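By convention here, the first residue in the shown sequence is residue 1. Since the model is a prediction, treat every value here as computed from it, not as a measurement.
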Amino acid sequence: MNCHNNIEKESEDLDVLIASFNEDVPIEWVKVHMLPDYAYFDHSVHLEANVGCVSCHGRVDQMDKVMQVEPLSMSWCLDCHRDPDPHIRPEGISVTNMDWKRPETSEELKEHRIKISKFKEKNKIVPSIDCSACHR
């Protein structure tokens, strides 16, 4: 229910999820986003860095059936760790806001980059590219 407390919370499509939550009976889960067993991933680190859900999961709010849209490969992750700014949202922009887009005009983009830089500095966001960050 974490995401659906905010997203599509009134949708009839969530009746099964809500019933499961209220009755404390698990839903048989079909895993969509596959990572190898030797890869470690922690959502909380990415949430604290204000990385929007859509960066990795795509527009799940517009999917009839949830599917993996990004490769989630080592090189894909490392590309983001080397240059995370396009995925980090400014303070106050919810990670669950599927409609948010980075500014496009040069002036807005300049201001956005300054906000992201300050946010990263304030929150000590320095994504690791060390092997042990994901392989444990």
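- Among residues at least two apart or in separate chains, side chain to side chain donor-acceptor pair (under 3.5 Å) pairs with a member in residues 24-36 are His33-His57.
- Follow the hydrophobic side-chain contacts under 4.5 Å out from Ile125 and you never reach Ile114; the two are in separate clusters.
- With side-chain heavy atoms closer than 4.5 Å counting as contact, directly or through intermediates, the hydrophobic cluster containing Val95 also holds Leu47.
- Looking at every heavy atom in both residues, Ala133 comes nearest to Tyr40 through O-CD2, 4.0 Å.
- Closest of all the heavy-atom pairs between Phe119 and Ala49 is CE2-O, 3.4 Å.
- Hydrophobic cluster membership is shared by Ile18 and Val16, with clusters built from Ile, Leu, Val, Met, Phe, Trp and Tyr side chains linked at under 4.5 angstrom.
- Of all heavy-atom pairs spanning Met34 and Gln68, the tightest one is N-OE1, 3.1 Å.
- Using a 4.5 Å heavy-atom cutoff, the side chains of Cys56 and Phe41 are not in contact.
- Linking Ile, Leu, Val, Met, Phe, Trp and Tyr whenever their side-chain heavy atoms come within less than 4.5 Å leaves Trp76 and Val69 in two separate clusters.
- Cluster membership check: Val126 does not share its hydrophobic cluster with Val45, using side-chain heavy-atom separations under 4.5 Å among Ile, Leu, Val, Met, Phe, Trp and Tyr.
- Checked by atom type and distance alone, the side chain of Glu104 never pairs as donor or acceptor with a backbone atom of Leu109 at under 3.5 Å.
- Taking both residues in full, the closest heavy atoms of His87 and Ser55 are given as ND1-OG, 3.1 Å, listed atom of the first, atom of the second, then distance.
- Checked by atom type, the side-chain pair Ser128/Asp130 shows no donor-acceptor distance below 3.5 Å.
- With salt bridges taken as basic N to acidic carboxylate O contacts below 4.0 Å, one links Lys122 and Glu91.
- Here the closest non-hydrogen pair linking Asp85 and Lys120 is OD1-NZ, 2.7 Å.
- Applying side-chain contact (heavy atoms from CB on, under 4.5 Å) to Pro103 and the options Glu108, Glu111, Lys110 leaves one that passes, Glu108.
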| Arg136/Tyr38 under side-chain contact (heavy atoms from CB on, under 4.5 Å): CA gap, chis, key distance, verdict | CA-CA 7 Å; Arg136 299 182 178 179; Tyr38 53 81; over 6 Å; no

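- Rounded to the nearest 0.5 angstrom, Cys53 SG and Arg89 CZ are separated by 7.5 Å.
- Note on Val54: it clusters hydrophobically with Met63, by side-chain heavy-atom contacts below 4.5 Å among ILVMFWY residues.
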| Trp100 and Arg102: side-chain contact (heavy atoms from CB on, under 4.5 Å), yes or no, with the steps? | CA-CA 7 Å; Trp100 184 82; Arg102 285 179 69 206; 3.7 Å; yes

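- Here the closest heavy-atom approach between residue Ile88 and residue Val51 is recorded as CG1-CG2, 4.3 Å.
- The line from NE2 of His112 to OG of Ser117 is 11.0 Å long, rounded to the nearest 0.5 Å.
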